[in-house]
Amino acid sequence: MTWIPWNTQLRELAKQCQYLQALTLYRQMLRCGSTPNAFSFPFALKSSASLYLPSSGQQLHCQVIKSGCSPEPFVLTSLISMYCKFNSLVNARKVFDENPISNQLTVCYNALISGYALNSRVFDVIALFCRMREMGVSVNSVTMLGLVPVLSEPGYISLGMSFHCCCVKLGLNLDFSVANCLLTMYVKSGAIESGRNLFDEMPKKDLITWNAMISGYAQNGLAADVLELYKKMEAAGVCPDAVTLVGVLSSCAHLGAISVGREVEQRIESSELGFNPFLNNALINMYARCGNLVKARAVFDGMPVKSVVSWTAIIGGYGMHGYGEIAVELFDEMIKSGIRPDGAAFVSVLCACSHAGLTEKGLDYLAEMKSKHRVQPGPEHYSCVVDLLGRAGRLNEALELIKSMQVKPDGAVWGALLGACKIHRNVEMAELAFEQVIEFEPTNIGYYVLLSNIYSEAENLEGVLKVRVMMRERKLKKDPGFSYLEYKGRVHLFLAGDRSHPQKEEMYRMVDKLESLAKKLDENEERRNKDVLVGMGVHSEKLAIAFGLLNSEARTEIIVVKNLRVCEDCHIFLKGVSKIVDRQLVVRDATRFHHFKDGICSCKDYW
DNA sequence: CTTGAAGCAC
């Protein structure tokens with residue numbers, strides 16, 4: 001039998017992450033009378049750090065000191081890193097300061113910088129980096145790896161950019177690891193353009209590079225860019241993983257891009273990703289938002305383990321499509337099954353209540369949040385409940401609720417009240433709500449328009465003028481509304497009030513028809529749905545819809561689906577189509593317009 | 001036994 005030296009065995013075990021075995025071996029080594037040296041300690045230290053055994057680590061530290069190995073660089077870095085892993089930065093720093101040699105070693109700085117970064121100690125990280133530069137200690141990519149993540153925190157992006165420059169100046173090769181970190185930093189801090197620039201500059205991209213960019217777009221709400229990039233990724237031959245697909249699905253949900261969503265689902269089914277709970281949650285969300293509740297429910301039912309996120313997605317799905325009763329039932333079922341609702345779950349059920357007019361139920365939930373479930377209601381919950389009370393015409397109660405809030409109300413809370421004032425034509429309270437809401441969102445043009453409409457409905461011309469003056473003074477300009485859609489390979493652009501289109505006659509006739517239809521539905525509907533049927537969105541959108549309907553070869557004059565689908569080669573996807581009434585179109589608050597080309601969706605937000 | 005640590009990103 002060949003004799004393998006203790007240190008070699010120890011190293012191998014640590015390398016293979018068999019930390020427990022490594023520690024056992026280390027103890028065995030001591031029992032056999034071998035003296036650990038500067039090449040034994042690091043592996044033992046790393047093992048106890050990885051197993052999170054602070055007491056064993058302390059013990060090892062004592063042994064290190066006794067053995068006189070402390071100033072060995074290898075040992076030093078291991079000690080520092082270990083204390084960082086135990087979150088005991090004071091001890092890590094002590095080791096660093098007590099051994100002056102640390103001051104000259106890149107590895108020691110790196111270990112400590114990572115430790116500070118892990119604990120979001122931005123200033124310590126930067127101070128250490130500066131000191132390192134002053135001392136003339138060389139910086140490498142591991143240093144940057146530690147530095148960059150803390151710069152993703154809000155407010156540090158300009159510093160992050162200078163670090164990026166620094167990397168370039170130092171001639172550090174921006175290999176995957178550093179470049180990916182920088183990319184993540186940019187997208188997390190919302191500097192999505194800079195992120196994209198870096199992304200484009202990267203000669204080689206790995207899976208994480210693509211994922212970082214895709215998730216970055218998804219988190220910043222740039223759903224169309226997500227889909228574009230996803231296509232490019234596939235073209236580049238990079239195989240997407242669960243992280244990629246979560247980002248893609250969330251964008252499909254935003255855009256109503258169900259065709260891409262279905263593609264993704266097929267891909268999931270044909271791979272082993274089907275068991276990934278994150279992906280399944282994203283699928284539920286996508287189907288729910290695209291209006292296919294049957295599919296959403298099937299995915300939900302098929303999940304062996306449902307988390308609060310899964311429940312929230314399905315509850316939200318039923319809620320947003322008007323099935324408040326089912327949403328409420330599901331919520332109660334979730335609680336029965338022992339899942340603790342979080343803030344987001346309450347948002348979904350409260351929204352469901354307000355959409356379905358379940359006023360009392362919603363109020364009960366708000367009360368239970370604190371008392372039963374120990375969830376502190378935030379402004380996002382109050383805005384739901386204000387909306388709920390507002391729809392029911394209980395404006396005074398809504399106002400009282402806002403006044404009684406323990407947290408500070410935000411723009412959305414007052415905005416919900418303002419919206420309710422519009423439904424119930426309460427000018428006085430609208431003025432009050434408006435005053436508050438523009439404190440929070442002075443440039444949100446929507447609120448000005450809302451108030452102006454309230455005044456104009458009340459035939460208060462003075463008020464309308466007042467709002468207009470205010471908008472002019474604040475230099476708020478309403479973007480000219482435009483919509484576009486692609487039909488048979490040509491993009492048709494529609495500007496509000498535009499009369500230049502060759503089919504204008506028929507289009508305007510169709511618009512009139514649609515408007516009278518919307519109005520008729522408006523009159524027929526129950527009061528609680530009044531806001532659902534306020535009309536058909538902006539003028540350019542009406543033109544686009546009219547154009548689509550005119551050119552469709554579909555037999556029904558008006559096809560009603562959640563995502564209005566006119567015919568195979570001419571798709572219009574509207575967010576907010578919220579009701580199907582006798583095969584007729586009911587559009588609610590259409591504020592986005594989408595067109596599809598090769599499965600890539602673009603959208604334009606406008607007022 | 002001459003062995004090589006520090007560590008990040010979706």
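By convention in this document, chain letters (A, B, ...) are assigned in the order of the sequence lines, proteins followed by strands, and residues within each chain are numbered from 1. Just so you know, these numbers use all the heavy atoms, side chains as well, and skip hydrogens, waters and symmetry mates.
For A:Glu72, there are no salt bridge (Lys or Arg N to Asp or Glu O under 4.0 Å) partners at least two apart in sequence or on another chain. The salt bridge (Lys or Arg N to Asp or Glu O under 4.0 Å) check on A:Arg340 picks up nothing, with sequence neighbours excluded. Checked against salt bridge (Lys or Arg N to Asp or Glu O under 4.0 Å), A:Arg297 has the following partners two or more places apart in sequence or in another chain: A:Asp301. For A:Arg267, the salt bridge (Lys or Arg N to Asp or Glu O under 4.0 Å) partners at least two apart in sequence or on another chain are A:Glu234.
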(request) For nucleotides 3-10 of chain B, just jot down a letter per nucleotide in 5' to 3' order: B, S or -, based on protein non-hydrogen atoms under 4.0 Å. (result) BSBBBBBB

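Applying the ring-ring contact (aromatic ring centres under 6.0 Å, His included) rule to pairs touching residues 115-142 of chain A yields A:Phe129-A:Phe163, sequence neighbours excluded.
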